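Working notes for the structure below.
Everything numeric here is computed off the predicted structure, so don't read it as measured data.
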Amino acid sequence: MAKNIGTLTEIGNDLCKSLGFKPTSNSTKPLYVANSLFRACTGKECKIDDIHDWILSERSSKALSSSDLLEKYKEIVYLSGDDVVNDIKEIRFYLERLFNPDSTVWPSKQSSVLNISSRWMVREYTKAEAGIGAFLYSILNTPIDGEKSRAIRVIQDALADDDDDLSRTVKPIIVREPEADRIRNHGLAESEITLNSTSLIIRQGFDCLADNCEAYNFKNGKNSLLTLRRMVNYAVFATFFYLEDINRTSYNGKKIPLLLDAGSGMGAIESASEACFVACKKAVEDYTISFVEQWLIAANLISDVNSEVSCKKYISDGFAIDATLDDKEHIRETMLQHISGNCQAGDTPLLAVAKAIQFAIYTYVYPDTTPSDFCNVLGSKSGFVGPYSSKYKRLLINRFLLETIVLSIVSTEQLKSGIDLRELGMLLRDNYNIIIGTDTDIDYSMLEEYGIARATPEDLRGELPDNAKEIANMLISMGLAKRYADGVTLIGWEV
C-alpha cells in the first residue's frame, strides 16, 4: 500500500482501474467525453485560452470586460460603427450560445471545455472527463483482424475540417498565433485491452457507425459537425451500456433487458421500462460490491471471511483510514454498524463488510456520486434515460440517440436495401439486449425471465406491439423508415 493512502482510497483506485474509467463525479457531460476521446484519437491538444476569453460573456463577474477584450485583441478586431464595445458584447453573447451549450465553460480555464467543432477546440485533460475517452480509445485502438477501428480515422477527418460554420466564427482568433504555438502534439497512445463481449459490441458499433457516417457524407455532402455529434452521442451511450452490463461480464450477473419506451403514454410499458432502468442501477451497485468482496479475498487481510467477529476485527484494527479524511473513528464506527445491520439482514459476513466498505468509499472518498447515480448521469446525458427532471426515470430514448443506435447496428448495405422492423428488433436484442416490442413472445419472455413482466401492472404483452409501432413512427419522422400501404415498415435510407 502506498504511504499515507488508506484502504478506502486503495480499493477505490483499484475499482476505477478495473472499470477502465473513474465514475467518481456527477459533473461528467458529453463535451468532457468528447474532449477526452478526440484528444486520444488525434494525439493532440490545443491552447484555448484566447477562445475562452471571447466565449465567456460579461454575465460572468470574472470575465474580461468587452473594453479590456478589445484592447487585448485589437489586432483581430475590425473597427467600424459607433459603439464597437457594445458590438463585442453582442458577439460574445452569441459565441457563448454556440460554444457553451451544456454549461461546460467556466471562469476557470482549467475546468472549461468548449463545444468542439474542429481540432482547435480540443484541449488538455480535465478531471470531469473521468477517463472515459481514453477508455473508449483503448477499445478502438485494439486490433481486430489486424485492423484498428475505422472510427479513429473518421473522427480525425471530421476534426481536421475547420471550414464548418462553427469553426469559421472563431477563425480570426485561431489564426492570430502560429499553429506550432497553439497545438501540442503528444502522439497517439498505443493502449490496447482484451475485449470482452460488451466491449466487442461497442467496438463493432463504432465501426458500423463510422461506415454509415462516411456513406452519409458521400451521399449528402460532408457534414463534420454531424459526424462528431454522432460519435460523441454513441460514446456516452456505449459507456452507459458497458457500465450496466459489467456485472454480467465480470461476475456472472443476469443480462438486463432494456425496454425502450417510445413515450406514447402506455402505462405497462412505462412501468416495465422504469423497472429495467432500476435493474441497471442495481447491477452497477452489485458490481462494486462484488469487486470489493474479491479484493478482500485476494488481499487475504481477514483471518476468517465467514466470521462476523473476524470481519469486524479487520475494520477495527487492520483497516487503514485515509490520512486526508476527518473523524476517522466516526467512519470506522459507521462501517462497523453497517456490518452488524447487514449481517442481521441475512448477508454473509464477507458480503456485509464489502457493502460497508462500498458505502464508505462513496460517502467519504467519492462523495459527489454513487455508482447508480453515475449510471443515471450517463443515461440521461446520452438521451437514453428520461424524463430528465423526473425522479422516476425510465428508458425514454430521444430521437437522435435512437437514430445513432440504429446506425451502429445496421450496415450501410442494409440501409441502402432496407430491413423490416422485425429485423431491426432482432439486431437491437442481439447487440444491446434492447427490446422495442417487435417480437411479442420473445420480448415478453425476456422481461418475464428477469422478473419484470410479473411485477408490471396492466397489459404489458398487449402494449409491446403498439410500442414497436411508435418506435417505427419515430424513425419515420426522421426519414430513416417508411411504412407502406400493406402495413410493412422498412428501415433504411432509400426505402
Side-chain angles (χ1 to χ4, degrees), residues 201 205 208-209 211-213 215-216 219-220 226 229-230 233-234 237 241 257-274 276-277 379 382-387 394-447 452-453 456 458-495:
I201 288 172
C208 187
L209 181 60
D211 291 342
N212 285 326
C213 285
Y216 178 90
K219 180 175 180 288
N220 300 286
L226 181 59
R229 185 184 174 197
R230 285 209 189 285
N233 191 220
Y234 183 73
F237 163 74
F241 174 64
L258 305 175
L259 174 60
L260 296 190
D261 177 14
S264 54
M266 290 178 275
I269 295 292
E270 289 183 357
S271 179
S273 183
E274 182 182 329
C276 290
F277 180 51
S382 68
F384 196 65
V385 171
R394 56 191 188 276
L395 305 181
L396 185 65
I397 194 167
N398 69 28
R399 280 171 165 74
F400 188 78
L401 178 60
L402 176 61
E403 187 178 18
T404 299
I405 289 176
V406 169
L407 295 178
S408 75
I409 55 175
V410 182
S411 70
T412 303
E413 291 72 21
Q414 289 174 316
L415 286 171
K416 289 178 179 178
S417 59
I419 62 171
D420 64 31
L421 186 61
R422 190 169 184 178
E423 189 174 355
L424 175 64
M426 181 184 69
L427 289 171
L428 288 168
R429 279 195 307 272
D430 291 348
N431 285 274
Y432 304 119
N433 221 36
I434 287 177
I435 296 170
I436 59 175
T438 51
D439 294 273
T440 304
D441 290 341
I442 296 174
D443 293 351
Y444 187 84
S445 67
M446 290 172 64
L447 294 166
I452 292 173
T456 302
E458 304 178 59
D459 183 16
L460 177 59
R461 183 185 289 272
E463 288 184 3
L464 282 169
D466 293 333
N467 188 66
K469 184 177 180 180
E470 291 301 321
I471 291 288
N473 289 339
M474 293 171 69
L475 294 170
I476 291 169
S477 71
M478 295 181 288
L480 197 57
K482 183 177 180 180
R483 182 176 291 120
Y484 290 86
D486 58 1
V488 174
T489 301
L490 290 182
I491 285 78
W493 281 332
E494 300 175 6
V495 296

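- Side-chain atoms of Asn473 and Arg483 form a donor-acceptor pair, as typed in the model, at a separation below 3.5 Å.
- Between the side chain of Asn233 and the backbone N or O of Arg229 there is no donor-acceptor pair closer than 3.5 Å.
- With values rounded to the nearest 0.5 angstrom, Met426 atom CE is found 8.0 Å from Ile419 atom CD1.
- If you check the side chains of Arg422 and Thr438, you find no donor sitting under 3.5 Å from an acceptor.
- Between Leu424 and Val410, some side-chain heavy-atom pair lies under the 4.5 Å cut-off.
- To the nearest 0.5 Å, atoms CD1 (Ile269) and OG (Ser271) are separated by 10.0 Å.
- The minimum heavy-atom distance linking Leu395 with Ser273 is given by the pair N-OG, 2.9 Å.
- Under the 30°/60° scheme for interplanar angles, the aromatic rings of Tyr234 and Phe237 are found to be tilted.
- No donor-acceptor pair under 3.5 Å is formed between the side chain of Glu274 and the backbone N or O of Arg394.
- A donor and an acceptor atom, one from each side chain of Thr440 and Arg461, are nowhere located under 3.5 Å apart.
- Between atom CZ of residue Arg230 and atom CD1 of residue Ile405 there is a gap of 11.5 Å, rounded to the nearest 0.5 Å.
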Please assess Ile435 against Tyr444 for the test side-chain contact (heavy atoms from CB on, under 4.5 Å), listing each intermediate value before the final yes or no. CA-CA 9 Å; Ile435 296 170; Tyr444 187 84; over 6 Å; no
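- If you take CD1 on Ile471 and CG on Asp466, they are separated by 12.0 Å, rounding to the nearest 0.5 Å.
- When atom types are taken as modelled, the side chain of Asn467 and the backbone of Ile436 share a donor-acceptor pair closer than 3.5 angstrom.
- In this structure, the side chain of Asn431 engages the main chain of Leu427 through a donor-acceptor pair within 3.5 Å.
- Within the 4.5 Å cutoff, the side chain of Phe384 has heavy atoms near those of the Leu260 side chain.
- You'll find the side chain of Thr489 stays beyond 4.5 Å of the side chain of Asp420, heavy atoms only.
- For the pair Phe241/Ile201, a side-chain contact is recorded, criterion being any heavy-atom separation below 4.5 Å from C-beta on.
- For the residue pair Pro257 and Met446, the shortest heavy atom distance occurs at CG-O, 3.9 Å.
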Checking side-chain contact (heavy atoms from CB on, under 4.5 Å) for the pair Asp430/Ile409: CA distance, chi angles, key distance, verdict? CA-CA 10 Å; Asp430 291 348; Ile409 55 175; over 6 Å; no
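- For OH of Tyr216, the number of neighbouring non-hydrogen atoms (other residues, nucleotides, ligands) closer than 6.0 Å is 12 at most.
- The shortest heavy-atom contact between Ala472 and Leu421 is CB-CD2, 3.8 Å.
- Taking CH2 from Trp493 and CG from Leu407, the interatomic distance works out to 6.0 Å, rounded to the nearest 0.5 Å.
- Side-chain contact check for Glu470 versus Glu463: every heavy-atom pair is 4.5 Å or farther apart.
- Rounded to the nearest 0.5 Å, atoms CG (Leu475) and NZ (Lys482) are 15.5 Å apart.
- Smallest separation of non-hydrogen atoms from Ile452 and Cys276: CD1-SG, 3.6 Å.
- Side chain of Asp439 to backbone of Ile442: no donor-acceptor contact under 3.5 angstrom is found.
- For the residue pair Thr412/Asp211, the side-chain donor-acceptor check at 3.5 Å is not satisfied.
- Residues Met474 and Ala262 come closest through the heavy atom pair SD-O, 4.0 Å.
- The heavy-atom pair separating Gly265 from Glu270 by the smallest distance is CA-OE2, 3.5 Å.
- For Arg429, the CZ atom counts as densely surrounded, since its 6.0 Å shell holds more than 12 non-hydrogen atoms of other residues, nucleotides or ligands.
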